Amino acid sequence: MAQFNSYIDNIDAHFWRNLCLSHGELRRYEKSEEFLTVGTVGRYIGYIKSGALKYVCFSSDGTPHVTGLEFSGHFVCDFPGSLYREKSRCSIIATVSCEIYCVPASVVAEMMRSDSIVKEVVENTTRELFNTVYDRLIDLYAKTIQQRYDELINRDPNLFELFSLKDIASLLNITPTHLSRLRKKYSSF
């Protein structure tokens with residue numbers, strides 16, 4: 001089965017996992033605690049040992065919009081912005097208690113500058129993250145809400161255990177009421 005976030009299937013996930021486990025420090029984040037705050041430079045690249053997080057951007061009126069989800073066994077960071085000391089365009093927030101192996105982005109940036117293999121892994125990861133985000137953008141225009149919902153649930157039927165109805169609706173760019181109707185329709189089969 002393909003990963004929820006398609007980029008994971010196309011990057012050197014073992015490299016990132018091993019890097020975080022060997023160079024990182026295990027940190028705990030409670031539900032609603034920010035791993036990264038919008039407008040700040042990401043300090044860490046993390047491997048999620050347990051828990052789940054959401055990527056949230058904010059419209060000009062302050063309304064939050066969920067743009068991504070990460071799970072146990074995946075990675076979390078503002079990538080590649082944190083490697084280049086760029087301010088994040090989103091916040092990354094724990095949706096449940098999390099344990100994350102965090103390696104300083106500055107350590108990875110230095111490795112990238114001095115090791116061509118690390119630079120190549122970063123370049124590939126950046127490309128695959130772009131492809132995942134671009135595919136999601138295209139899906140917003142080219143697929144129906146039902147198609148997007150079905151694909152989301154097929155990738156991980158347990159989403160509602162880690163994320164609120166409101167967060168999942170935001171990711172799908174629909175209202176929570178509409179999502180409730182889709183869930184009822186889907187569960188009736």
Side-chain angles (χ1 to χ4, degrees), residues 1-11 13 16-17 20 27-38 40 42 44-59 63-82 88-102 125-180 182-183 186-187:
M1 183 166 115
Q3 295 286 344
F4 179 82
N5 291 308
S6 61
Y7 73 88
I8 294 289
D9 292 327
N10 300 309
I11 65 170
W16 291 111
R17 181 182 181 277
C20 291
R27 299 173 146 263
R28 295 181 197 327
Y29 294 84
E30 296 305 318
K31 181 179 180 177
S32 302
E33 188 175 351
E34 291 185 339
F35 177 83
L36 176 63
T37 303
V38 67
T40 64
Y44 301 108
I45 294 174
Y47 172 75
I48 306 167
K49 178 181 176 188
S50 64
L53 300 102
K54 61 184 176 181
Y55 289 74
V56 180
C57 68
F58 299 89
S59 57
T63 303
H65 301 276
V66 176
T67 60
L69 307 172
E70 293 293 355
F71 307 83
S72 175
H74 286 204
F75 311 95
V76 60
C77 68
D78 180 38
F79 196 92
S82 58
S88 179
R89 292 175 227 148
C90 64
S91 290
I92 304 173
I93 305 166
T95 61
V96 295
S97 294
C98 298
E99 291 185 313
I100 304 171
Y101 285 97
C102 298
T125 302
T126 301
R127 184 174 44 258
E128 293 305 326
L129 280 168
F130 171 82
N131 287 335
T132 295
V133 172
Y134 191 58
D135 286 345
R136 287 181 187 163
L137 176 65
I138 297 299
D139 288 351
L140 283 174
Y141 292 95
K143 293 184 177 175
T144 67
I145 294 168
Q146 183 71 50
Q147 288 172 316
R148 294 194 326 262
Y149 173 78
D150 291 345
E151 288 177 5
L152 191 70
I153 295 305
N154 286 334
R155 286 192 306 239
D156 193 328
N158 301 316
L159 274 181
F160 291 94
E161 294 173 18
L162 296 170
F163 303 97
S164 71
L165 183 82
K166 184 178 175 182
D167 289 342
I168 296 168
S170 181
L171 181 69
L172 290 168
N173 202 25
I174 60 176
T175 66
T177 302
H178 196 154
L179 179 56
S180 290
L182 284 172
R183 282 188 77 192
Y186 187 80
S187 63

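What you are looking at is a predicted structure, and each value in this text was computed from that prediction instead of being measured.
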Distance (rounded to the nearest 0.5 Å) between E151 CD and D135 CG: 10.0 Å
Side-chain donor or acceptor of S72 paired with backbone N/O of K49 under 3.5 Å: yes
Atom pair OH/CG of Y44 and D78 - distance to nearest 0.5 Å: 15.0 Å
Chi angles and distances behind the side chain to side chain contact (heavy atoms under 4.5 Å, CB included) call for F75, I45: CA-CA 7 Å; F75 311 95; I45 294 174; 5.6 Å; no
Under 3.5 Å: donor-acceptor pair, side chain of S180, backbone of P176: yes
Non-hydrogen atoms of C98 and G51 that approach each other most closely: SG-CA, 3.8 Å
Side chain proximity check, R148 to L140, heavy atoms < 4.5 angstrom: yes
Taking every non-hydrogen atom, the tightest pair across L69 and V66: CD2-CG1, 3.8 Å
Atom pair NE2 (H65) and SG (C57), whose distance is rounded to the nearest 0.5 Å: 6.0 Å
Side-chain donor/acceptor of T125 to backbone N/O of I11, under 3.5 Å: no
Crowding at CZ, R27 (>12 non-hydrogen neighbours, <6.0 Å): yes
I174 vs L182, side chain to side chain contact (heavy atoms under 4.5 Å, CB included): CA-CA, chis, key distance, verdict: CA-CA 11 Å; I174 60 176; L182 284 172; 3.9 Å; yes
Closest non-hydrogen atom pair, A142 against Q147: O-OE1, 4.4 Å
Considering all heavy atoms, the nearest P64-V56 contact: CB-CG1, 3.6 Å
Between OG on residue S97 and CD on residue E30, distance to nearest 0.5 Å: 4.0 Å
H74 and F71 aromatic ring geometry - parallel, tilted or perpendicular at 30°/60° bounds: perpendicular
W16: which of Y7, Y101, F79, Y47 passes ring-ring contact (aromatic ring centres under 6.0 Å, His included): F79
Between CG on residue L172 and CG on residue L152, distance to nearest 0.5 Å: 5.0 Å
Donor-acceptor contact present, side-chain T95 to main-chain L162, <3.5 Å: yes
Y55-F35 aromatic ring centre distance below 6.0 Å: no
Atom pair OG (S164) and CG (L179), whose distance is rounded to the nearest 0.5 Å: 9.5 Å
Min side-chain heavy-atom separation N131-N10 under 4.5 Å: no
Side-chain touch I100/L53, heavy atoms, less than 4.5 angstrom: yes
S91 side chain to V38 backbone, donor-acceptor under 3.5 Å: yes
Taking every non-hydrogen atom, the tightest pair across L137 and Y141: O-CD1, 3.3 Å
T126 to P80 - nearest heavy-atom pair and separation: OG1-CB, 3.7 Å
Any E34 side-chain heavy atom under 4.5 Å of Y29 side chain: no
